[in-house]
Peer 1: 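Here it is: the structure, laid out below.
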Amino acid sequence: MLSLKDVLLQIGAIFQTRLDLAASELKETLDAAKVAAPLAIITLVLGATAYLLVMVALAAVVAGMLKSNPYRWPLAFSIVAGLWLLIGSTAAYFALREIQIRGFVPQRTLEVLEGDKIWIQNEANNRI
């Protein structure tokens, strides 16, 4: 029969193993982020520059269609901004929905911890 000290040592070892598992999952995620972050920054800067140039060109096209209006440039920029606001809002909705569906929780670790909880409860019930 196991003593209380042995059971506590086993529980401590189990939790240490689970913490190590969670730490390794987090380390893998951070390693991937370290590689992707500089590339993402470069992509954002170049993409933002191209985006601004395309938006000015699009606003110029819309302003060209409003030749008789003295406020054609503000109207053109407002029309283009409204269009992109609509598209951006739609993209944000889908992104949030995807995050809600998938989540950022380490699922493997939680599954193992849930199994450990059940095991500990069974062990405690068997001892009583």
Peer 1: Return the CZ to CG distance between Phe77 and Leu58, rounded to the nearest 0.5 Å.
Peer 2: 10.0 Å
Peer 1: Same cluster or not: are Trp84 and Met65 linked, directly or through other Ile, Leu, Val, Met, Phe, Trp or Tyr residues, by side-chain heavy atoms under 4.5 angstrom apart?
Peer 2: no
Peer 1: Between atom CG of Leu113 and atom OG1 of Thr17, what is the distance when rounded to the nearest 0.5 Å?
Peer 2: 10.5 Å
Peer 1: Does a side-chain heavy-atom distance below 4.5 Å link Ser24 with Asp20?
Peer 2: no
Peer 1: Kindly give the heavy-atom pair with the smallest separation between Leu39 and Thr43, and that separation in Å.
Peer 2: O-OG1, 2.8 Å
Peer 1: So, for Ala59 and Ala76, which heavy atoms are closest and what is the spacing to 0.1 Å?
Peer 2: O-CB, 3.2 Å
Peer 1: For the hydrophobic clusters of this structure (ILVMFWY residues joined by side-chain heavy atoms under 4.5 Å, transitively), does one cluster hold both Leu96 and Tyr93?
Peer 2: no
Peer 1: Which heavy atom in Arg72 sits nearest to a heavy atom in Lys67, and how many Å separate them?
Peer 2: NH1-O, 3.5 Å
Peer 1: Nearest 0.5 angstrom please: Glu28 CD to Glu25 CD, how far?
Peer 2: 7.0 Å
Peer 1: Applying a strict under-4.5 Å side-chain criterion to I, L, V, M, F, W and Y, I'd like to know whether Phe15 and Ile118 cluster together.
Peer 2: no
Peer 1: With hydrophobic residues grouped by side-chain heavy-atom distances under 4.5 Å, do Trp73 and Ile79 end up in a single group?
Peer 2: no
Peer 1: Give, for atom OG1 of Thr49 and atom CG of Leu44, the distance between the pair rounded to the nearest 0.5 Å.
Peer 2: 10.5 Å
Peer 1: Following the transitive rule for hydrophobic clusters with a side-chain heavy-atom cut-off under 4.5 Å over Ile, Leu, Val, Met, Phe, Trp and Tyr, establish whether Leu9 and Ile120 coincide in one cluster.
Peer 2: no
Peer 1: Which distance, rounded to the nearest 0.5 Å, do you find between the CG of Leu85 and the OG1 of Thr90?
Peer 2: 9.0 Å
Peer 1: How long is the span from the CG atom in Leu83 to the CE atom in Met55, to the nearest 0.5 Å?
Peer 2: 8.0 Å
